[in-house]
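Some notes on the structure that comes next.
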Amino acid sequence: MSQISLTFPDGKIRDYAAGVTPAEVAASIAPSLAKAAISAQVNGKHWDLAWPILSDATVSINTIKDEGPALELIRHDLAHIMARAVQEIWPDVKVTIGPVRDYGWFYDFDRAEPFTPEDLGQIEARMKQIINAREPVKTELWDRERTRKYYEQRGEPFKIELLDRIPEGEDIRMYWHGDWQDLCRGPHLQHTGQVPADAFKLTHVAGAYWLGDASRPMLQRIYGIAFRNRDDLKAHMTMLEEAAKRDHRKLGREMNLFHMQEEAPGQVFWHPNGWTIYTQLQDYMRRQQRRGGYVEVNTPQVVNRKLWEASGHWANYQENMFIVEVDEDHAREKTVNALKPMNCPCHVQIFNVGLKSYRDLPLRMAEFGSCARYEPSGALHGIMRVRGFTQDDAHIFCTENQIEAEAKKFIEFLAAIYADLGFDQWRIKLSTRPEKRIGTEESWDYAEGALASAVTAAGYAYEIFPGEGAFYGPKLEFVLRDAIGRDWQCGTFQVDPNLPERLDAHYIGEDGMKHRPIMLHRACLGSFERFIGILIENHAGKLPFWLAPRQVVVASIVSDADDYVAEVVTALTLAGVRAEADMRNEKINYKVREHSVAKVPVILAIGMNEVNERTVSVRRLGDTRTQTMTLDEAVAEFAAAALAPDQR
């Protein structure tokens, strides 16, 4: 039997017979490792302990301490265990697919009766029985004909369709959890007892079309969450409770910021308070971009399909575009336009007007561009996932050798903005070349290297996501972590040599010849709508004073104080503070409660003592104590706090 060489993380090399499994490798190292092993990494790929290794490779053994692989396996195995439990309780239910997702998994079932909360409890109990039985997990490769007959005999039409979607020549792998079987690529744990029985929970049921196609059967999707131990599950459940309190839709109502309605699905009706946040944020971004060397432009919202065809969006993105047909001058054929889903092609049109020289580069072109994209109604979520939105969008036209400098400049630019907005924790993902791509290997090497060097030069680390770049270039993604530990991907920096080529953009180089510019797509916030939703939830509605739509309410305790209340409001307003009076004939405690629910940062209570002494009684949001200040002190303090961070 032929021998292979396996290289381990410590650099040591061992020889094994070809076909050795990672389980056997672990056993050859130490019995304790064999017992603790859950999977392996083979040449960087996640590898089942039962899969053979046929050639020389780098190998490392995963245990439950390796968080990424461990969570993937736990959640994937639980999907299978849940499906098994469902079919054991209700044998007539048909199974489909059950992928891993953030924090857990889901599995789609074809069942006539809807699942109930009581059913979820019954399924959970059966899952724990399966886990405690510590039944073996086995895997085999089958041929297509055998697999088809297997599912035909069991009346599983969805599995047959999934089988037909597996390309010819690709392995068809079957997994058993005990005596229950599923068609699955794997990897999986080695027995059901490796799943922590006290670290998962089924959360809810939702409807889902088969393969996401509205013309196909409606299935029932059961969601679950899972972690490596009970403490992590408990922490996550606490986070979910906190997230519910911070839900931007709930706070949006309490703070009177916006509403949505069925006549305009996925589009926001901004109320005065919400629009104040929006314009304050936009004004801040406009000032920052001006300082960062950007020129601001504005482009049409309705654009003829010819441009979208030239840019490639018509062929690749049409299902997400809103089409507008116009009977121009009663022509026989209607002109076909589309609402712009992004700003990039229009920015190239501005670049193309007039001759550009290498001396004009880099050209940083920004737009608060109103865009429209079709999102399925089931995907819409408050102002976080909408159909109409405004991007803080910009495109940098530059030469190839300017990519690194522009990337570093942008990272520093973005870091300052995130700090101003209260986000100190964020990380950078570098997405590299996918299998299907255009351009030379040399150009990819250069672009990926430039982005990596820029991140390092800016003083940050990055995580590589192999194969997740666009077909035309690599990208950086910036992921924020909010106050309760959730991650939000917001900022992007994308290298694109493709669109300038498609839309015939060029500049005159030092050699007097035409050259294609590189186009760098960049965004800090992503969309104003989504980012405002993130801000609201991050701060639990208690926005920084400069962003708060209602900064100060001056509330009378007695009606005799009304004239002084009006004077205080006027003084604050003239100093640039958003102040308003509350002189209603209500008790002061009632007023304080009402404005606290609306997340007003400061309430100034005015009674006769304050009138006589020309002071104000200050109550800050979240603080039960009061503070007495002179009117001049209060105006000076709140005027300073009302300035945006870049204006202080």
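Note: hydrogens, waters and symmetry copies are ignored here, and every other heavy atom, side chains too, is used.
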Worksheet item: Below 4.0 angstrom, N of the basic side chain to O of the carboxylate: do Arg246 and Asp482 qualify?
Response: no
Item to complete: May I ask you to decide if Tyr223's main-chain N or O and Thr203's side chain share a donor-acceptor pair within less than 3.5 Å?
Response: yes
Worksheet item: Can we say Arg433 and Asp445 salt-bridge, meaning some charged N sits less than 4.0 Å from an Asp/Glu carboxylate O?
Response: yes
Worksheet entry | Selection residues 89-105 - residue pairs positive for salt bridge (charged side-chain N to carboxylate O under 4.0 Å, His left out), sequence neighbours left out | none
Discussion item. Looking only at the aromatic ring of each residue, does the gap between the centers of Tyr472 and Trp444 stay below 6.0 angstrom?
Written reply: no
Item to complete: Mind running salt bridge (charged side-chain N to carboxylate O under 4.0 Å, His left out) on Arg84 and Asp182 for me, showing each step along the way?
Response: CA-CA 9 Å; Arg84 171 181 165 179; Asp182 205 357; over 6 Å; no
Discussion item. Between Thr63 (side chain only) and Ala37 (backbone N and O only), is there a donor and an acceptor less than 3.5 Å apart?
Written reply: no
Item to complete: Scan for salt bridge (charged side-chain N to carboxylate O under 4.0 Å, His left out) pairs involving residues 208-229, sequence neighbours excluded, and state none if there are none.
Response: Asp108-Arg221, Glu161-Arg216
Discussion item. As a quick check of understanding, evaluate ring pair (Phe, Tyr, Trp, His ring centres under 6.0 Å) for Tyr150 and Trp142, giving each step before the final call.
Written reply: CA-CA 10 Å; Tyr150 181 88; Trp142 282 17; 5.2 Å; yes
Worksheet entry | Donor-acceptor under 3.5 Å (Thr139 side chain, Met174 main chain) | yes
Worksheet entry | Distance-only side-chain donor-acceptor flag, Tyr16 / Ser28, under 3.5 Å | yes
Fill in: Gln267 (side chain) donor-acceptor with Phe389 (main chain) under 3.5 angstrom
no
Practice prompt. Decide if the gap between the ring center of His236 and the ring center of Tyr103 is smaller than 6.0 angstrom.
Written response: yes
Item to complete: Would you check if the side chain of Asp143 reaches a backbone N or O of Glu145 as a donor-acceptor pair within less than 3.5 Å?
Response: yes
Worksheet item: So, Glu477 side chain and Ser431 main chain: donor-acceptor pair closer than 3.5 Å or not?
Response: no
Item to complete: Could you tell me whether the side chains of Glu124 and Gln129 share a donor-acceptor contact shorter than 3.5 Å?
Response: no
Discussion item. Ring centroids only, cut at 6.0 angstrom: are His177 and His191 within range, meaning strictly under it?
Written reply: no
Discussion item. Surrounding CD of Glu441 (heavy atoms of other residues, nucleotides or ligands, distance under 6.0 Å), is the total greater than 12?
Written reply: yes
Worksheet entry | Carboxylate-amine/guanidinium proximity below 4.0 Å for Arg185 and Glu170 | yes
Discussion item. As a quick check of understanding, evaluate salt bridge (charged side-chain N to carboxylate O under 4.0 Å, His left out) for Lys429 and Asp487, giving each step before the final call.
Written reply: CA-CA 12 Å; Lys429 297 164 55 176; Asp487 288 341; over 6 Å; no
Item to complete: Verify the ring-centre separation between Tyr107 and Phe109: is it less than 6.0 angstrom?
Response: yes
Worksheet item: Do the charged groups of Arg385 and Glu375 touch, with an N to O distance under 4.0 Å?
Response: yes
Fill in: Minimum heavy-atom distance between Ala447 and Val495, given as atom pair plus value
CB-CG1, 4.2 Å
Worksheet item: If you measure from the Lys or Arg side-chain nitrogens to the Asp or Glu carboxylate oxygens, is any gap between Lys250 and Glu254 under 4.0 Å?
Response: yes
Worksheet item: Hey, does the Lys NZ or Arg CZ of Arg111 hover above the aromatic six-ring of Phe115, less than 6.0 Å from the centre and inside 45° of the axis?
Response: yes
Worksheet item: Hey, would you say the Tyr460 and Trp426 ring centroids sit under 6.0 Å apart?
Response: yes
Worksheet item: Between Asp198 and Lys128, is the closest basic N to carboxylate O distance under 4.0 Å?
Response: no
Worksheet item: Ion pair present between Asp393 and Arg522, side-chain N to carboxylate O less than 4.0 angstrom?
Response: no
Worksheet entry | Working for salt bridge (charged side-chain N to carboxylate O under 4.0 Å, His left out), residues Lys475 and Glu468 | CA-CA 9 Å; Lys475 63 180 175 180; Glu468 293 194 13; over 6 Å; no
Practice prompt. Compute the ring centroids of His76 and Trp105, then answer whether they are less than 6.0 Å apart.
Written response: no
Worksheet item: Would you say the side-chain atoms of His521 and Thr492 include a donor-acceptor pair closer than 3.5 Å?
Response: no
Worksheet item: Do the two ring centres, one from His539 and one from His248, sit under 6.0 Å apart?
Response: no
